[in-house]
Every structure is written in C-alpha cells, then in structure tokens.
Amino acid sequence: MDPNSQSFIGINYGQVADNLLPPPSTAKLLQSTSIQKVRLYGSDPAIIKALANTGIRIVIGTANGDIPGLASDPNFAKSWINTNVLPFYPASNIILITVGNEVMTSNDQNLMNKLLPAMQDVQNALNDASLGGKIKVSTVHSMGVLKQSEPPSSGSFDPSYGDLMKGLLEFNSANGSPFAINPYPYFAYRSDTRPETLAFCLFQPNAGRMDGNTKIKYMNMFDAQVDAVYSALNSMGFKNVEIVVAETGWPFKGDDNDVWASIENAKAYNGNLIAHLRSMVGTPLMPGKSVDTYLFVLYDEDLKPGPGSERSFGLFKTDLTMVYDVGLSKTSQIVIADSEIYQYKHKFL
C-alpha cells in the first residue's frame with residue numbers, strides 16, 4: 001500500500017500550551033509522517049504559512065465567540081476570509097472551515113441559534129471570493145448530539161434540537177460539506193469499564209456486539225459510533241452527507257484513578273485505528289472506504305484544564321520524537337504497512 005496516498009489520516013494541532021515548537025519545525029515533522037491533513041482550532045497565520053507547499057491539507061476554525069458577529073454582519077465574515085484565507089490560499093491548501101466547535105452541546109441557545117446563519121455568511125464570503133466550491137464550510141459536533149447510539153442502527157439525533165439540526169444538515173447537503181463529529185471510544189469505555197468493553201474499544205479480539213435490528217456483529221466501538229452517526233443522518237434523510245471524524249484519540253496517562261489512560265492502551269487504540277483505516281474495510285454500514293479521521297492530538301496541551309488525561313493525548317513530543325509508535329512515520333511505515341494490513345484483515349475478517 002502506498003503510504004503517501006492515505007488522505008484519510010489527519011491530526012489535530014491544539015495550541016493550549018506554552019511549549020509549542022516553531023511552526024516550520026512542526027511542518028517538517030508532519031512531512032516525515034503519512035499524516036495528510038491537519039486541523040487547527042483557530043487560524044494561526046504562522047502555522048498556515050508554514051504548511052504552504054507541503055501538500056498537507058488544512059482545516060481552520062472560527063472561535064465559538066465569533067459566531068454572533070459572523071451571523072449578524074456579512075462584512076465580518078468577509079473580513080475573516082480576507083484575513084485568514086486569502087493571504088495563504090492556494091499555497092496553503094485550506095480545505096475546510098469549521099464554524100465553532102461542539103456548539104450544539106454547549107447549552108448556549110444564542111450560539112446554537114446563530115450557528116447556521118454564521119455558516120451561511122462564511123459560505124457567502126467564500127462564494128464572493130470565488131472559493132465556494134474549493135473550500136467547504138461546516139461545524140464540529142460532539143457525540144452528545146445523538147440521543148441514541150446503541151445499537152448503531154437506531155442512532156438518532158436529540159429531538160430537542162428540532163429544526164436547528166435539520167437546518168445544519170440541509171446546509172451540509174446543499175454545499176457538499178461534511179458532518180464532522182468527535183467519537184471517543186475512550187469516553188464510552190469510562191462509562192462502562194468491563195474488561196470486554198476495553199477490548200471492544202481498543203480494536204482487540206472480543207466477542208463483538210450484535211445489532212439486533214440489522215443482525216450485524218460489531219467488532220469495535222469506533223465502527224459502532226460512526227455507524228450510529230450514519231443511522232442518525234439516514235433517519236433524517238441525509239445519508240449522502242459525508243461523515244468526518246474531527247477528533248478521536250486515547251490518553252497515554254491520567255490521574256491516579258484513571259488506570260485505563262496508559263501508553264499501552266493509547267498505542268493499541270491509535271495504532272489499531274490507523275491499521276483499520278488503512279485496511280479500507282470501512283464500517284458495516286459504510287463498507288469499502290475509510291472516513292477521514294483526525295487523530296487527537298499532535299502534541300500534549302499542557303495548559304488544558306480538567307483531569308490529567310486532558311493534557312496527555314499527544315502523539316509526539318516537542319523534541320519531535322514519538323510518545324509511542326503507531327506506524328505514522330514514513331520510514332517505519334512502508335515496511336510494516338502491508339504486513340499490518342494482512343494481519344488486521346486475517347484477525348478480524
């Protein structure tokens with residue numbers, strides 16, 4: 001398998017840290033890996049510039065706090081595009097602008113109501129700059145937007161969103177932009193810590209879980225979560241909207257009571273996920289293709305609040321070495337890719 005054609009592997013570049021490297025060093029690191037896409041939560045010009053002419057595709061984001069301004073003033077959207085896109089594109093290959101992050105589960109009714117108008121204004125500003133078809137506009141959701149996710153075939157959105165979610169999906173459909181979501185088997189496991197659940201979450205051999213409606217046996221939590229999203233989209237008539245996994249990952253350490261945050265588990269989750277994506281088997285409801293998946297996260301974010309695990313999702317250290325090896329570096333990967341996929345297919349199929 002050509003390690004350079006794995007356009008479905010991306011990574012999040014969070015910046016809630018005080019020890020980040022100069023952007024050119026990060027660009028060089030990324031070019032030594034098979035990572036083809038980078039998601040920024042904001043639009044740091046130094047990083048966007050450093051990724052110019054690397055071939056790496058870039059997702060940039062507007063802050064949640066920008067949503068009211070974007071929604072109420074088309075000129076604000078225009079100036080946002082003028083500042084954050086036009087100076088860099090197309091040398092910096094910006095492919096997607098995410099308006100806000102996890103807005104629909106923020107419990108901020110004002111932001112929720114203004115999300116779609118903000119997205120429309122950003123889209124209009126891109127259209128005016130003749131970039132409408134080239135750069136997509138969307139937003140990012142947490143799994144909390146689903147009212148039900150088990151079994152996967154019964155996945156459905158929280159009905160309390162009413163027409164708000166329908167409007168967002170109509171926008172995705174009309175503009176050919178993806179529905180971006182953050183599934184974390186790690187958090188699913190934390191709410192159900194049986195040993196068999198851990199194997200199911202880590203893509204390790206397990207008894208599987210039967211979906212009683214479809215009679216499909218699911219062998220890992222990632223597929224189950226992604227198919228629950230597919231079912232929710234399908235139930236509202238939007239099965240053709242592409243799903244993108246905007247974040248997923250597993251922490252390699254945590255607080256004392258967080259025993260499942262370990263190097264061993266993080267390496268198993270991320271390594272097996274990458275092998276699963278490379279195998280191109282897809283999910284039971286979307287076979288034969290891999291959804292674009294942005295791993296969380298490039299470097300640890302030492303200033304993030306919350307439990308210790310929040311600061312320990314990084315795949316690379318700031319000295320550019322790997323925290324643990326999941327087969328992303330181009331040199332190690334060409335050797336292992338074929339045997340890894342062979343083993344993966346024979347272990348599971």
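What's counted below: heavy atoms across the whole structure, side chains too, no hydrogens, waters or symmetry copies.
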Heavy atoms from other residues, nucleotides or ligands near CD of Gln31 exceed 12 (cutoff 6.0 Å):
yes
The criterion is salt bridge (Lys or Arg N to Asp or Glu O under 4.0 Å); which residues satisfy it with Asp300, sequence neighbours excluded?
none
Indicate, with yes or no, if Val59 and Leu29 share a hydrophobic cluster defined by side-chain heavy-atom contacts under 4.5 Å among Ile, Leu, Val, Met, Phe, Trp and Tyr.
no
May I ask you to decide if the ring planes of Trp250 and Tyr269 are parallel, tilted or perpendicular, using 30° and 60° as cut-offs?
tilted
Would you call Tyr41 and Val16 a side-chain contact if the rule is heavy atoms closer than 4.5 Å?
no
Return the OG1 to CG distance between Thr26 and Leu21, rounded to the nearest 0.5 Å.
5.0 Å
Under a 4.5 Å cut-off applied to non-hydrogen side-chain atoms, are Val145 and Asp158 in contact?
no
Any heavy-atom pair between the side chains of Met104 and Leu168 that's under 4.5 Å?
yes
Taking atom types as modelled and ignoring hydrogens, do the side chains of Asp258 and Trp260 form a donor-acceptor contact shorter than 3.5 angstrom?
yes
Can you say whether the rings of His276 and Phe222 are parallel (under 30°), tilted (30 to 60°) or perpendicular (over 60°)?
perpendicular
Any side-chain heavy-atom pair from Thr139 and His141 closer than 4.5 angstrom?
yes
A side-chain contact here means heavy atoms from C-beta on lying under 4.5 Å apart; do Met112 and Val103 qualify?
yes
Ring centres under 6.0 angstrom apart (Phe179, Phe157):
yes
How many angstroms lie between atom OG1 of Thr62 and atom CG of Asn84, to the nearest 0.5 angstrom?
9.5 Å
Do Ser153 and Thr214 meet the criterion of a side-chain donor-acceptor pair at a distance under 3.5 Å?
no
Side-chain H-bond candidate by donor/acceptor type, Asn12 with Arg39, under 3.5 Å:
yes
Any salt bridge between Asp227 and Arg209, counting N to O under 4.0 Å?
no
For the residue pair Tyr299 and Lys317, what are the closest heavy atoms and their distance?
CE2-O, 3.7 Å
Hey, could you give me the CZ/CD1 distance between Phe88 and Ile58, rounded to the nearest 0.5 Å?
9.5 Å
Are side-chain heavy atoms of Lys304 and Phe313 found at a separation under 4.5 Å?
no
